[in-house]
Amino acid sequence: MQFSKFSSTVLLAVLYATSVKATPMPFAAKHATHRVREISPDLRLETYHPPSDYQTFGEGIDHPLRKRQDASIETAAVAFVESQLGVKAEEVDVKSTAETDGADHAYVQQKLNGIPVANAVANVAFNKNNQVVSFGSSFVKPIKAASPTASVKVEDAISTAEKKLNGKFLREEFPAPTLEYLAKQDGTAALTHVFQVRNEDASTWYEAFVDAHTGELVSITDFTAHASYRVIPITSQSPNDGFKVLKDPYDKAASPRGWHSTGGSPTSETAGNNAISFKGKKRNTTSQSGRDLQFIYEQDPSLEPTAGKNIDAARVNAFYIVNTIHDISYKYGFTEKTFNFQNNNFGHRGRGNDRVLISIQDAEGMNNARFATPPDGQNGVMQMFLFDITSPGRDGALANDIIAHENTHGITNRLTGGGTARCLQTIEAGGLGEGWSDAFAAWTEQKSTTVNDFTTGTYVLNNTDGVRMYPYSTDPKTNPLRYSSLAEQAEVHDIGEVWANLLHNVYAALVKKHGFSKTAHTDPSGREGNVVYLHLFIDALSLQPCNPTIPQARDAWIQADVNRYHGAHKCTLWKAFASRGLGLKAKKFRDDSTIPSECR
Ligand SMILES: *[C@@H]1O[C@H](CO)[C@@H](O)[C@H](O)[C@H]1NC(C)=O
Ligand SMILES: *[C@@H]1O[C@H](CO)[C@@H](O)[C@H](O)[C@H]1NC(C)=O
Ligand SMILES: [Ca+2]
Ligand SMILES: [Zn+2]
């Protein structure tokens, strides 16, 4: 069969690599096996990754143990690798297995002298009929392997790498250092100490390979993907405010592997651990426009949203906003443990495989947007539609307020009631949901101690009034809505306007009293009004009952303040709520302006 060629291909790959030393490869010939990384002005490292052979087998081929019903996926994979590559069972280890809908996967590591070879791996996939459907391998046959006993101490290797990579090996946090072979381009295998080195301030996180005989840093794995996006910054609302190119806008604590990795190697498209942004089919994402995850696409407002690069600009902007909201809400408590949207939960509790699916220019609707929140463990689905009120039309995916509004539905539905997504179903609770969504969008756009009135939907409608009855405002002449206005409101968005305006007044009161933090998006530790507000916003969602009423939602805010701040903001909160009719004795949509006696 054709696979008998396999082992010779591997050998050839090594020979080819050996010959490289004498004649440098042409630039493009290195794409599949090399990468140059500029670590610092005086460290430029070219890493080597042996080429992978890869074959796919359609309906599948047999592996040696197929007849044996009791063979596990691990033993079947080892037997298959032995038969294909002419290696012995003791020269391989199964590192991990994974089961997906279509196939079962085994990931295999080559060993030399009983020690793993870091960059020599194989992967075997079996269909549900227990036949092999694909096989990839970067196994090597080194011309010389270094002695398996290290002569350089691991402590010395660590200090070398910490110095060269300007970071730290975090003993408490990182896996213990390992000893691994590393296949080199010259056909030899070096013995290396392997461990992680990170510098949080500089946004770097590497895996270092230090030669255990020479003490030299010979290779690295870069866990961080640098990315740039041409987007409307989250503090702005729409293209009217201008696009900017943002570099690495992700938050390291909220998205430890950035926005383009679910844990393994980074993707080069608008897809990652928190979200995937696409048009039509999920596969239809935007790919990077250049090296180093560049997503730079210029929107042309004179063209329809579906023309030119406008689709890419929309996919990129929606991807950026949803990821930013993931990171902001994560810092304030919407994490894996509280049922957020992520594919990989990195070992934290809660269910994964539920990143947000962002369908832009979705064909199912016009002049609107939607967010569907199933329970924890199933993807949140955001559908952004086109608007045809202007000519050319406009794209909801370029209206940050609309994306933020939709995304917040996911946050509130997951946090209320513990991830079941069943607890904002009544009309009043649904109205609260609409209110939080506008209020969160408004929070992202506030820029200073001056609290601006907030309108939403102005870009897609091309008017200054937006889609709501009134702008959110502390001025009752601009926005007269009070708790009692609910008696006349029967529709969730109208109910939401009352709640969002109450929250707008709470926000303004907190900022007036405690000031504004310009770093609130990334630093939740301050005591400024906008930080306190978002903490109470998020905390209250987990505290409130299933299908809350508006007075119950208010009570949860007051309780959240006791829990987090020992009630430090109690009177500020009560006064703000009471100023719009939601005082102590407000009920059944009858206003009340009573505040607790200690606040008078
Ligand atoms: C995929 O995206 C392109 C634009 O990038 C669009 O023209 C095309 O219609 C999309 N395909 C599907 C199946 O939606
Ligand atoms: C938006 O409205 C302004 C005036 O209010 C008008 O000049 C402009 O042409 C409109 N833009 C579109 C795309 O319809
Ligand atoms: Ca989840
Ligand atoms: Zn909504």
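The first residue of the sequence shown is numbered 1, and numbering continues consecutively from there. Indexing begins at 1, ligand by ligand and atom by atom, following the structure's order.
When each atom of ligand 2 is checked for a heavy atom of Arg394 under 4.0 Å away, the hits are 13 (C). The distance from ligand 1 to the heavy atoms of Arg315 drops below 4.0 Å at these ligand atoms: 2 (O), 5 (O). Which parts of ligand 1 touch Ile311 is read off a 4.0 Å heavy-atom cut-off, strictly below it: atoms 4 (C).
Protein heavy atoms are found inside the 4.0 Å sphere centred on atom 14 (O) of ligand 2. For atom 7 (O) of ligand 2, no protein heavy-atom neighbour is found at a distance under 4.0 Å. Contact annotation for atom 4 (C) of ligand 2: protein absent (non-hydrogen atoms, distance under 4.0 Å).
The only member of Asp327, Thr235, Asp251 that meets side-chain contact (heavy atoms from CB on, under 4.5 Å) when paired with His521 is Thr235.
With salt bridges taken as basic N to acidic carboxylate O contacts below 4.0 Å, one links Asp104 and Lys128. Between Asp376 and Arg414, at least one side-chain N (NZ, or NE/NH1/NH2) sits under 4.0 Å from a carboxylate O, which counts as a salt bridge.
For ligand 1, the polar-atom distance check against Asn284 finds a nitrogen or oxygen pair separated by under 3.5 Å.
Among all non-hydrogen protein atoms, the one lying nearest atom 9 (O) of ligand 2 is Asn462 ND2, 4.8 Å.
Nearest N, O or S atom of His409 to the Zn ion (ligand 4): atom NE2. Per residue Glu434, closest N, O or S atom to the Zn ion (ligand 4): atom name OE1.
Asn367 and Asp388 share a donor-acceptor pair across their side chains, judged by distance under 3.5 Å alone.
Nearest approach of Asp523 to Val531, heavy atoms of both residues: O-CG2, 4.2 Å. Heavy atoms only, all atoms of each residue included: Phe346 and Asn344 are closest at N-OD1, 2.7 Å.
With a heavy-atom cut-off of 4.0 Å, Gln361 does not touch ligand 1 at all.
Between the side chain of Asn400 and the backbone N or O of Ser236, at least one donor-acceptor pair lies under 3.5 Å.
Phe454 is not listed as a side-chain neighbour of Asn452, based on a closest heavy-atom distance of 4.5 Å or more.
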